There are 2 protein chains.
Amino acid sequence: MSSNGVSNPPMRIRTLSKGEQTRERILDLAQDAVLHKGFAGTSLDELIAAAGITKSGFFYHFRDKNELAKALLERYLAQEEELFDALFKRADELNEDPLHGFLIFLKLLADTLADLPNGHPGCMVASYCYQDHLFSQEVRALNARGIMAWRARFRARLDRIAALYPPRIDVDLDALADMLSAVADGGIILSKSLRDPRLLPQQVMLYRSFVRLAFLGN
Amino acid sequence: MSSNGVSNPPMRIRTLSKGEQTRERILDLAQDAVLHKGFAGTSLDELIAAAGITKSGFFYHFRDKNELAKALLERYLAQEEELFDALFKRADELNEDPLHGFLIFLKLLADTLADLPNGHPGCMVASYCYQDHLFSQEVRALNARGIMAWRARFRARLDRIAALYPPRIDVDLDALADMLSAVADGGIILSKSLRDPRLLPQQVMLYRSFVRLAFLGN
DNA sequence: TGGCTACTGCACCAATAGTCTGGTTTTGCG
DNA sequence: CGCAAAACCAGACTATTGGTGCAGTAGCCA
């Protein structure tokens with residue numbers, strides 16, 4: 001796009017350099033493997049074979065395996081952030097009311113999840129949570145911070161909702177915020193285990209029903 | 001019961017033979033390790049060292065590592081069954097109404113989870129779900145059957161409830177049954193990742209609020 | 001022309017992982 | 001007590017794993 005001239009980053013989305021491409025390819029392969037075999041069950045040899053590089057090539061991009069774990073998680077969390085940003089933005093454009101905006105967001109989220117061709121691939125945070133002793137303190141902390149970020153994000157919404165719609169039941173808003181993470185992670189487990197991609201969006205929609213009932217009463 | 005005579009198993013709870021004790025010890029250690037490091041990350045060497053046996057001793061009890069995985073999951077599912085049986089029994093003794101019986105059950109479940117000294121150790125089904133490519137088809141099927149059993153169990157309750165209390169919202173009872181599994185698995189992930197044992201029972205209680213709202217309206 | 005990026009190739013290593021064969025002790029039980 | 005079965009132990013073996021070190025190089029950009 002716009003090859004107008006000199007040293008401008010074209011269109012804000014920089015095209016990835018060759019090295020970045022390879023790095024992304026490794027991360028893609030690693031993510032897939034880790035979500036199906038766990039981190040320890042994913043060997044470097046398998047990754048380099050699939051990526052079409054050599055061991056030396058791998059260590060050019062990552063100092064060691066733990067750095068791969070870290071990069072994997074960082075990328076995953078960033079992608080989630082982006083997704084939520086985008087969905088909230090779309091939802092807010094459709095409705096100004098905080099409650100209805102949130103309900104729309106949840107519908108958009110469910111739709112997005114339902115449209116994933118092979119179902120949700122799995123949540124890195126959940127995967128890492130069941131292998132925490134494999135990782136450095138840094139990675140574990142990153143994992144926890146990811147969940148806390150989701151809580152803060154949803155909690156902020158719920159605060160604005162509760163200010164306008166006094167809850168029909170006695171409910172801790174942090175817990176209600178956490179419940180979306182829980183239902184999503186649980187829904188992913190259901191979908192993956194039973195090999196039914198519909199279960200995850202279905203659970204999100206159930207959470208939506210709960211929110212609606214709790215604040216709107218119907 | 002009744003040690004009236006001869007070849008009765010004393011007290012119904014047979015005391016474990018030495019071999020069974022060792023086997024249980026291995027399974028205990030393995031479960032703990034697997035829930036913290038994943039299956040591939042759990043080495044046999046580490047298990048036999050902790051159990052105080054040799055490698056050969058291990059293979060006397062399990063043909064190979066996959067058999068350990070199977071035994072681990074089978075035992076876990078059986079223990080869950082037992083727990084649910086016990087809690088439903090207690091709940092039903094306290095109230096005959098299906099809805100209130102279920103609500104009591106959920107409270108008992110939350111209390112039980114809250115009383116676990118170090119929080120819930122983790123769900124084997126969730127752990128295995130994120131490492132399915134490590135296991136035989138048999139183990140994967142067992143995992144799926146476990147979730148299906150929970151669904152069937154809760155669904156049966158919800159059917160009886162819905163017959164008496166027409167739901168205030170349009171809700172798929174299978175999905176609502178699944179939601180308990182989802183919220184529990186998600187709650188475990190929250191509790192483990194954030195190192196806060198209260199989060200899991202809290203999520204169960206939120207699910208309880210939802211059920212109450214959906215069928216009772218308050 | 002040189003320097004940087006992004007690798008390849010190969011040699012080598014200690015530590016495990018998982019298996020297997022064949023023996024030995026320990027235990028329950030009649 | 002005596003003996004078969006149960007419950008192990010000793011040790012050898014091989015493939016794999018994560019990782020180190022170093023030398024070399026193709027391509028690109030200034």
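All figures in this text were calculated on a predicted structure; none of them were measured in a lab. Residue numbers begin at 1 in each chain, while the letters A, B, ... track the order of the sequences.
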Open item on the list: Could you check whether B:D92 pairs with B:R157 (Lys NZ or Arg NE/NH1/NH2 to Asp/Glu carboxylate O, under 4.0 Å)?
Closed with: yes
Task: Salt-bridge criterion met for A:K37 and B:D132 (N-O under 4.0 Å) - done: no
Task: Nucleic acid contacts of residues 39-54 of chain A, taken as heavy-atom distances under 4.0 Å to DNA chain C - done: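 A:G52, A:I53, A:T54 - these, ordered by number, are the residues of the stretch whose heavy atoms sit under 4.0 Å from the strand.
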Task: Results of salt bridge (Lys or Arg N to Asp or Glu O under 4.0 Å) for A:R198 - residues two or more places apart only - done: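 A:R198 satisfies salt bridge (Lys or Arg N to Asp or Glu O under 4.0 Å) with A:D196 once adjacent residues are dropped.
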Task: Those residues that, when tested against A:D32, pass salt bridge (Lys or Arg N to Asp or Glu O under 4.0 Å) (two or more places apart) - done: none
Task: Exercise: do A:Q131 and A:S127 side chains pair donor with acceptor under 3.5 Å - done: yes
Rounded to the nearest angstrom, tell me the gap between atom [atom1] in [X] and atom [atom2] in [N].
{"X": "B:F62", "N": "C:dC20", "atom1": "CZ", "atom2": "C1'", "result": "19 Å"}
{"X": "A:F58", "N": "C:dA6", "atom1": "CZ", "atom2": "C1'", "result": "15 Å"}
{"X": "A:R63", "N": "D:dT20", "atom1": "CZ", "atom2": "C1'", "result": "14 Å"}
{"X": "A:E67", "N": "D:dG18", "atom1": "CD", "atom2": "C1'", "result": "15 Å"}
{"X": "A:K65", "N": "D:dT20", "atom1": "NZ", "atom2": "P", "result": "14 Å"}
{"X": "B:D64", "N": "D:dA15", "atom1": "CG", "atom2": "P", "result": "19 Å"}
{"X": "B:F59", "N": "D:dA12", "atom1": "CZ", "atom2": "P", "result": "17 Å"}

- [ ] For the residue pair A:S193 and B:Y128, establish whether any side-chain heavy-atom pair is separated by less than 4.5 Å.
- [x] no
Open item on the list: OP1 or OP2 of C:dC7 versus the side-chain N and O atoms of A:Y60: is any pair under 4.0 Å?
Closed with: no
Open item on the list: Taking 4.0 Å as the cut-off, does a side-chain nitrogen or oxygen of B:H61 come that near to OP1 or OP2 on D:dC8?
Closed with: yes
Just compare [options] and give me whichever is closest to any side-chain atom of [X].
{"X": "B:T22", "options": "C:dG18, D:dG19, D:dC8", "result": "D:dC8"}
{"X": "B:S56", "options": "D:dC9, D:dG19, C:dT19", "result": "D:dC9"}
{"X": "B:K55", "options": "C:dT5, C:dG18, D:dG19", "result": "C:dG18"}

TODO: Give a yes/no verdict on a cation-pi contact between A:K65 and A:F58, requiring under 6.0 Å between NZ or CZ and the six-membered ring centre and an angle within 45° of the axis.
DONE: no
